[in-house]
Every structure is written in structure tokens, then in C-alpha cells.
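Just so we're on the same page: letters track the sequence lines, and every chain starts at 1.
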Amino acid sequence: MSNILTSRKQDYSQWYNDLVLKGGLADYSAVRGCMVIKPYGYGLWENMRDVLDRMFKETGHQNAYFPLFVPKSLFEAEEKNAEGFAKECAVVTHYRLKTDPDNKGKLIVDPAAKLDEELVVRPTSEAIIWNTYKNWIQSYRDLPLLINQWANVVRWEMRTRLFLRTAEFLWQEGHTAHATKEEAIAETEQMLDVYARFAEEYMALPVIRGVKTPNERFAGAEDTYCIEALMQDGKALQAGTSHFLGQNFAKAFDVKFASKDNTMEYVWATSWGVSTRLIGALVMAHSDDEGLVMPPRIAPLQVVIVPIFNKDAEARQKIDDKAAQLIKELRAKGIRVKYDNDDSTRPGWKFAEYELKGVPVRIALGARDLENNQVEVARRDTKEKAPVSLDGIIDHVAQLLEEIQSNLFNRALAFREENTRSIDTWDEFVKALDETPGFISAHWDGTPETEEKIKELTKATIRCIPLNNKQEAGKCILTGNPSTQRVLFARAY
RNA sequence: CGGGAAGUAGCGCAGGCCGGUAGCGCAUCUGGUUUGGGACCAGGGGGUCGCAGGUUCGAAUCCUGUCUUCCCGACCA
């Protein structure tokens, strides 16, 4: 194990890679652009998934599963959606291999096994799902249809980065059908709210809720809502999206229902998703030069107990016994705890290792502590250490976990506020992007052309128009044309 | 897909120009001493040098192709 992490200042990208790889979240694989999610990273994803899944169910959704493959003819049915994803689709053209007659021990694609119709590996599942919904929806009584699926999808990206952009990723995608436009919009907003609450309350990640401009909209949507977060290098990251799809998919797949008035109407649709990209957001939002920093509520491991042994076997037994008791009591409180009594590494090594992994609370337990009826408690977020009496230690730890959770959120929020600037001139805008990156709140004349031009000139995009945005008259940062509100710009992942 | 860099033991690297028995540090294994911030001593194991061709008596080294990764662009959650 190499002990050296690249610092954020030195090379932010390398720091991120180091954390993901050395922190044991993921590994590269033999497949281009695809990563292996390791147990620690997958444990984190499981915790995130479990919370989200509960929130989805609490809002009336059910899980289902649809096929990985989408026949090309279905995929192309909704034109804009198909066009938007066409460039990055993996396509299955054959269903069989055979041994190579010219090269023993090797396989070739059997030309005789060509599919009549190619299968697209789903980059998103609207097509296959709406083709199915057609059969499930006849009457207004079948609505609303509220379905979520946990799945993998494939997008053949040109440039990949662990968790942030991989060719295959895990996500959930909700797909709902409604009788009215208003109800569908309410669903879109409700799910955005679920995502925002999840990000803020569980990931300790403050997010801006907003609406995308037409340029940045999901292919096939009428409106795309999003949550946007700010990373420590001042770049924005889209952490989740919720789309109001109008009747686009209903029309493309002919999904109609008989209303109460006995008229045939197209249903109104939404879709919404978050992915393993959230893990990338988590890493970049909270971690430091010592390693990962996990928010307690979703940390795979919340507390680690490190024994400090010495030669005295009797003292050792006492430490083991006390640790066993602490674990029992912490687990009774629902706290995820591990006792690391591996004798092949010394305490200092373990301290560094669990800091790298971002375990929120570390308890060191030695003979000296037991004599004083105390333990040493260290918190990962501030790296503070303090002796704590064994009387009431369980409550102390439980409370400390909550404190760390809110501290991480407050810290990230303060960072975002420090790095959100209101700017009114083009020169300052350009200068800020290079010198003090972050969110920039600025006026925009509302045209796609201007947005495109700004992107060309600065690589900054409009991250969103914040919900409940204050209306104020102003002049567009680029063109000087009149504007009615500020929008949020940033360079983004 | 364009530009740059790289692939040699689990990890990090040297060797390559000038072809001739594959090396170093960490990790690992065994034994011992240790344990309050990445321990120490002694001994051992592990690599067809990314892959495929070619040149050669002989290739990690020279040539061609190919795959993968990283960084910078274009694309994107």
C-alpha cells in the first residue's frame, strides 16, 4: 500500500482518483470505461439505495424491472430521445460466437448468427417502458402508474472518469404516467424534492433546485428539473434530474386512456433518476488531503474501534471484553461499528487507514484508558481527538455522529456560499471563472444562442434557473439585452 | 475521436538510446521482538516485461499493429 495521496492543490483530478482507488471504493477493469465497484464503494451505494428506495416507496412508488435490451425500432420511436442518445449506444448485432477455424482456441462472431433487428443496450429505459405501459394503461383507473427500477445502463462516453462518468453505471429510473398535466408536473417536482432532501439530509450535500434551460434539457422532455451541487474545485455537478415529459412518449408509443367522461386521452409522463455518480459527488464535496470523509448517515462504517495492545495478555483480554461490550451496545442503537483487532498492523497504521476510508468516528481503547474509565474518541471531519468517559459513551458517540453529519453539511454550505458570486460585467465573469471558480449568478437574455456563445467562450454553462427565482430587471452579461432574472452559471462535470 | 503521456511482481518505479541469465522500494510469506499516529531484525517466495505479429542465433530493449489507463479538447448524468 502506497501511503501517499496526491493533495487537492497539487492535482485535483489525481487527488480524486487516488481517493476512489486507495480508499477502496472502485477499481479499473479490463473493460474500457467500465469500473469495478469494490465492497466498500458498493456498501456506500447500498446505503444510498436503501434510503432512496424507502423514500420512493413512501411517495407511493413500486419497483419493477424491464429488459436491458431495447429493439432498435422501439428505441427510435420517440425521435428526440433517440437522437439525443444515438451517438452513445452500444448495439448488439449477433447472438453467437464460434471457434475460429484459422486460429485455434480463439472465438469469432458467427456471421450466420446476425440478428434481424439490432438490440440497443439501454442508455435509459423510456422506450421499452412506454412500450410496456401501452398494455398496462386502458382507463383512468389505471392511473397514476408509479414505477421505479434499479438498473444498470450503458452510455458509450468518449471520456470516462471513475463514478463521474463511466460507460456502464448503476442508477434508478422512475417512470410515471398520469391523467393530467398538473399531476405529472407535481410528480416531477415531488421527486426533485425527494432528491434534494436525500442529498442534503443524508449525503450532507447542499444542492440548488432548479430548472434546466432548453439547451440542457433531457432529450425528449418538456422540462428538466435538477439539483446542482458545488465541488471543492469550484466546478458544478448535476446530482439528479427529474423530467416532465409531457405527452411525448404517450404519443410516440400510443398510450391512451379512457377518461371519466369516456374520451380517449394521451397520458402525461415523468421520469427521474440518480446514479452512482452521487458517489463521485460525495467524494468531491467532503473529502480532504488525508482521504475520504463519509457522512455518518450513509457511511458503510460509522465507528471503528482500535485496540491499543501491549505485552500484557490480561490487559489485552480486558480490552477485547470492553470492545465487545461497546460493539453490542452501539449495534443495539443501530450504529455500524467494526472492531479492528488485527494484530498484524499497529495502531498508527490503522488510524491512517480509517482516515483514508473516511470512517466518521474512531475509538481508541488501551490499557491506560481502561484504568481511567475512558476511551479516546477521534472525529474524521475535524480530526479532533478527546478522551471521553466510558460512562455514557454510547450516547456520546450517537450524538457525535449527528454532529458530524450536520457539520459536514454546514461546511459544504458555507463553501458554496463563499463561492457563489453575483456578477454583472463580462470581464468580471470571465475573470471569476478562471480565478475564483464557483457558481456565478448573472443575467442572461434568455436565448439559446447567447447561452451557446457563452459556453463557447468560457466553457461555462447555465446550470439551472433556480426554483422560486427572484425576478429582477437587468442586462445580459454577454449581449447587454434586457433580462428578467439571474441564472446560475458554472463550469461543470 | 484529435493532441500529449504511460503500460516491467499486488502497488510505485529503474532498465530500453547501445539486443546477450529481469532489478529496486513498499506490500506479501516464515520466525522473533513489538503495539498511544503508517514498527524493527533475520530469512524466503513471487514477473513468458499489456497483447499480437515481425527483424535476429538471441528481443523488456529494434519495427509494425492492437488493447487499456491517465491528462487536455469535442460529447455527456
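- Nucleotides G23(B) and A60(B) place their P atoms 13 Å apart, quoted to the nearest Å.
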Solution key, residues 34-47 of chain A side-chain donor-acceptor pairs under 3.5 Å, sequence neighbours excluded:
unit_1: Tyr40(A); atom_1: OH; unit_2: Lys357(A); atom_2: O; d: 2.6
unit_1: Asn47(A); atom_1: ND2; unit_2: Ile298(A); atom_2: O; d: 3.0
unit_1: Asn47(A); atom_1: ND2; unit_2: Ala299(A); atom_2: O; d: 3.4

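- For the C1' atom pair drawn from U69(B) and U30(B), the interatomic distance equals 36 Å after rounding to whole Å.
- Asp369(A) places its CG atom 15 Å from the P atom of U35(B), with the value rounded to the nearest Å.
- Centroid-to-centroid, the aromatic rings of Trp272(A) and Phe56(A) come within less than 6.0 Å.
- No contact: Phe218(A) has no heavy atom under 4.0 Å from any strand.
- To the nearest whole angstrom, the two P atoms, one in G15(B) and one in A6(B), are 12 Å apart.
- The only member of His61(A), Gln172(A), Glu173(A) that meets side chain to side chain donor-acceptor pair (under 3.5 Å) when paired with Asn148(A) is Gln172(A).
- Looking only at atom types and distance, the side chain of Glu126(A) has a donor-acceptor partner in the side chain of Thr124(A) under 3.5 Å away.
- Nucleotide G36(B) holds its C1' atom 15 Å from the CZ atom of Arg316(A), rounded to whole Å.
- Between the P atoms of C71(B) and G12(B), the separation comes to 15 Å (whole Å).
- Only the P atoms considered, G2(B) is 49 Å distant from C40(B), to the nearest whole Å.
- In this entry the distance linking CD of Glu88(A) with P of C1(B) reads 15 Å, nearest Å.
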Identify all side-chain donor-acceptor contacts of residues 74-83 of chain A below 3.5 Å with residues at least two apart in sequence or on another chain.
unit_1: Glu78(A); atom_1: OE1; unit_2: Lys80(A); atom_2: N; d: 3.2
unit_1: Glu78(A); atom_1: OE1; unit_2: Asn81(A); atom_2: N; d: 2.8
unit_1: Asn81(A); atom_1: ND2; unit_2: Ala219(A); atom_2: O; d: 2.9

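- Comparing Ala492(A) and Asp11(A) along RNA chain B, the residue whose closest nucleotide (by nearest heavy atom) sits nearer the 5' end is Asp11(A).
- No contact: Thr241(A) has no heavy atom under 4.0 Å from any strand.
- Each of Gln238(A) and Glu355(A) was assigned the nucleotide of RNA chain B with the nearest heavy atom; the assignment lying further toward the 5' end belongs to Glu355(A).
- Listed by chain and number, the residues in a salt bridge (Lys or Arg N to Asp or Glu O under 4.0 Å) with Asp391(A) amount to none (sequence neighbours excluded).
- Looking only at atom types and distance, the side chain of Thr270(A) has a donor-acceptor partner in the side chain of Thr176(A) under 3.5 Å away.
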With a 3.5 Å cut-off and sequence neighbours excluded, list the donor-acceptor pairs that the side chains of residues 279-296 of chain A form with protein atoms.
unit_1: His286(A); atom_1: NE2; unit_2: Met203(A); atom_2: O; d: 2.8
unit_1: His286(A); atom_1: NE2; unit_2: Ala204(A); atom_2: O; d: 3.2
unit_1: Ser287(A); atom_1: OG; unit_2: Val283(A); atom_2: O; d: 2.9
unit_1: Ser287(A); atom_1: OG; unit_2: Val293(A); atom_2: N; d: 3.3
unit_1: Asp288(A); atom_1: OD1; unit_2: Glu290(A); atom_2: N; d: 2.8
unit_1: Asp288(A); atom_1: OD1; unit_2: Gly291(A); atom_2: N; d: 3.2
unit_1: Asp288(A); atom_1: OD1; unit_2: Arg380(A); atom_2: NH2; d: 2.7
unit_1: Asp288(A); atom_1: OD2; unit_2: Arg380(A); atom_2: NH1; d: 2.9
unit_1: Asp289(A); atom_1: OD1; unit_2: Arg8(A); atom_2: N; d: 3.0
unit_1: Asp289(A); atom_1: OD1; unit_2: Arg8(A); atom_2: NE; d: 2.9

#### Entry: Base-pairing string, 5' to 3', of RNA chain B - Watson-Crick or wobble, under 3.5 Å, | interstrand
((((((((.[[[[.)....(..]]]].((((((.....)))))).....[[[[[..)....]]]]])))))))....
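- Classification of the Trp130(A)-Tyr133(A) ring pair by plane angle, with boundaries at 30° and 60°, yields perpendicular.
- Remark: the Lys385(A) side chain and the G37(B) base include a donor-acceptor N/O pair separated by less than 3.5 Å.
- Side-chain atoms of Glu187(A) and Gln190(A) include a donor-acceptor pair closer than 3.5 Å.
- When the C1' atom of G73(B) is taken as reference, atom CD of Glu157(A) falls 15 Å away, rounded to whole Å.
- Note: CZ (Arg346(A)) to P (U33(B)) measures 15 Å, nearest angstrom.
- Computed from coordinates, the Asp343(A) CG to G32(B) C1' distance equals 14 Å when rounded to whole Å.
- Regarding Phe351(A), its CZ atom lies at a distance of 10 Å from the C1' atom of U35(B), rounded to whole Å.
- Across all strands, Thr224(A) comes closer than 4.0 Å to no nucleic acid atom at all (heavy-atom distances).
- Among the heavy atoms of the strands, none lies under 4.0 Å from Leu237(A).
- Rounded to the nearest Å, the gap between the C1' atom of C49(B) and that of A42(B) is 31 Å.
- Atom C1' of G20(B) sits at a distance of 11 Å from the matching atom of U61(B), rounded to the whole Å.
- Of the residues in residues 454-461 of chain A, Lys459(A) come within less than 4.0 Å of RNA chain B through at least one heavy atom, sorted by number.
- Within residues 301-312 of chain A, the residues having any heavy atom under 4.0 Å from RNA chain B are, by residue number, Ile308(A), Phe309(A), Lys311(A).
- Identified under the side chain to side chain donor-acceptor pair (under 3.5 Å) test for residues 209-223 of chain A, with sequence neighbours left out: Asp193(A)-Arg209(A), Lys212(A)-Glu228(A), Lys212(A)-Gln238(A), Thr213(A)-Glu451(A), Asn215(A)-Glu451(A), Glu222(A)-Asn248(A).
- Trp268(A) meets the side-chain hydrogen bond (donor to acceptor under 3.5 Å, both in side chains) test with no other residue; sequence neighbours excluded.
- Ring-plane geometry between Phe169(A) and Trp171(A) is classed as perpendicular, the angle between the planes exceeding 60 degrees on a 0 to 90 degree scale with a lower cut at 30.
- Under the side-chain hydrogen bond (donor to acceptor under 3.5 Å, both in side chains) criterion, Asn341(A) pairs with no residue, sequence neighbours left out.
- Between Phe244(A) and Tyr225(A), a ring centre-to-centre spacing not shorter than 6.0 Å is recorded.
- Contacts of Phe85(A) classified as ring pair (Phe, Tyr, Trp, His ring centres under 6.0 Å), with partners at least two apart in sequence or in another chain: Phe218(A).
- On the P atoms, C26(B) is 16 Å away from G44(B), given to the nearest whole Å.
- Between the C1' atom of G10(B) and the CG atom of Asp27(A) lies a distance of 11 Å, rounded to the nearest Å.
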I'd like a table of atom pairs between the protein and nucleotides 65-70 of chain B - only N or O on both sides, under 3.5 Å - with the distance next to each one.
unit_1: U68(B); atom_1: OP2; unit_2: Arg32(A); atom_2: NH1; d: 3.2
unit_1: U69(B); atom_1: OP1; unit_2: Gly33(A); atom_2: N; d: 2.5
unit_1: C70(B); atom_1: OP1; unit_2: Tyr28(A); atom_2: OH; d: 3.1

